[in-house]
Novice: 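Let me give you the structure first, and then I'll get to my questions.
Quick caveat, the model's predicted, so the values are computed rather than measured.
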Amino acid sequence: MLAVVVVIGGFLIATYNSLIARKNQIDYAQGSIDALLKKRFDLIPNLVATVKGYATHERELLEKVTELRSRIGQAKNDDERLGLEGQMSGLLGRLLVQLEAYPDLKANQNFLQLQASLNEIEEQISAARRAYNAAVVEFNNAIEMFPSSLVAGWMGLKRRKVFEVEEAEAAAPNVGELFGS
């Protein structure tokens with residue numbers, strides 16, 4: 001009888017600790033994404049200010065980037081913020097493609113540094129997003145699979161959403177359409 005209690009107790013403790021470790025891994029990955037998104041958030045005003053003098057035709061897109069930056073700062077929860085950040089990735093990608101049509105801007109050293117920084121941050125965000133999503137899938141599997149689902153239910157753990165970029169934002173822009181070709 002004592003052996004059965006020890007085995008069940010050991011199982012419960014191991015499962016509990018495993019679920020906590022997975023939850024903490026998601027929090028860690030989300031913290032990495034947050035740090036990178038903050039760096040990008042801080043670069044946007046400099047990018048917009050640098051581009052405004054050159055790219056008068058992209059004023060609407062610059063306004064969208066600025067407005068979306070404001071909405072990200074006012075997001076009510078992580079899911080909303082991550083969705084808006086996915087939209088920002090798409091908008092910034094479109095903006096950088098459109099700016100290729102401005103030779104004077106492409107020669108501007110400040111713009112080139114901003115563009116390089118933004119590209120580096122976007123690559124890091126993409127890698128952090130993959131790590132976050134892997135942690136979320138592992139966590140979701142653990143809380144839904146038997147028998148750990150029993151412990152997860154007792155702990156009140158809920159499924160987490162993966163960080164997705166909306167399909168329209170993830171698609172590469174048609175360069176011909178952007179330049180009227």
Novice: Quick one: do F163 and V136 satisfy side chain to side chain contact (heavy atoms under 4.5 Å, CB included)? Show the steps, please.
Specialist: CA-CA 9 Å; F163 185 176; V136 166; over 6 Å; no
Novice: Using the side chain to side chain contact (heavy atoms under 4.5 Å, CB included) rule, take T15 and W154 through it: C-alpha gap first, then chi angles, then the decisive distance, then the call.
Specialist: CA-CA 12 Å; T15 302; W154 169 70; over 6 Å; no
Novice: Can you get from M145 to V151 by hopping between Ile, Leu, Val, Met, Phe, Trp and Tyr side chains that sit under 4.5 Å apart?
Specialist: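 No, it is not one cluster - the side chains of M145 and V151 are not joined through contacts under 4.5 Å.
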Novice: I need the I143 CD1 to L157 CG distance, nearest 0.5 Å.
Specialist: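 The CD1 atom of I143 sits 6.0 Å away from the CG atom of L157.
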Novice: Which residues satisfy the salt bridge (charged side-chain N to carboxylate O under 4.0 Å, His left out) test with D42, sequence neighbours excluded?
Specialist: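 Per chain and number, D42 pairs via salt bridge (charged side-chain N to carboxylate O under 4.0 Å, His left out) with K38.
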Novice: Given 3.5 Å as the limit, does a donor-acceptor pair link the side chain of S148 with the main chain of A142, or not?
Specialist: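 Checked: pair present.
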Novice: Take R129 and S89, measure what side chain to side chain contact (heavy atoms under 4.5 Å, CB included) needs, and give me the verdict at the end.
Specialist: CA-CA 12 Å; R129 184 183 307 136; S89 292; 3.8 Å; yes
Novice: Between R94 and L61 (side chain of the first, backbone of the second, donor and acceptor by atom type, cut-off under 3.5 Å), is there such a pair?
Specialist: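 Not at all, since once roles are kept as given, no pair shorter than 3.5 Å links the two residues.
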Novice: Among V51, N46, I44, find the one that has a side chain to side chain contact (heavy atoms under 4.5 Å, CB included) with V48.
Specialist: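 The side chain to side chain contact (heavy atoms under 4.5 Å, CB included) with V48 is passed solely by I44 among V51, N46, I44.
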Novice: Nearest 0.5 angstrom please: Q113 CD to L43 CG, how far?
Specialist: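 The distance works out to 11.0 Å.
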Novice: Checking T66 side chain against L62 main chain: does a donor-acceptor pair fall under 3.5 Å?
Specialist: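 A pair under 3.5 Å: yes.
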Novice: For L95 and K64: C-alpha separation, side-chain torsions, deciding distance, then whether side chain to side chain contact (heavy atoms under 4.5 Å, CB included) applies.
Specialist: CA-CA 10 Å; L95 178 64; K64 285 181 183 178; over 6 Å; no
Novice: Only one of R130, E123, E122 clears side chain to side chain contact (heavy atoms under 4.5 Å, CB included) with S126; which?
Specialist: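 That would be R130; it is the only one of R130, E123, E122 passing the side chain to side chain contact (heavy atoms under 4.5 Å, CB included) with S126.
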Novice: Quick test of your reading of the model: are D27 and R160 salt-bridged, counting only N-O distances below 4.0 Å?
Specialist: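 Yes, D27 and R160 are salt-bridged.
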Novice: Going by salt bridge (charged side-chain N to carboxylate O under 4.0 Å, His left out), name the residues that satisfy it together with D34, two or more places apart in sequence or in a different chain.
Specialist: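 Residues passing salt bridge (charged side-chain N to carboxylate O under 4.0 Å, His left out) with D34: R81.
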Novice: Do Q25 and E138 have side chains that get closer than 4.5 Å, going by heavy atoms?
Specialist: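 No, side chains not in contact.
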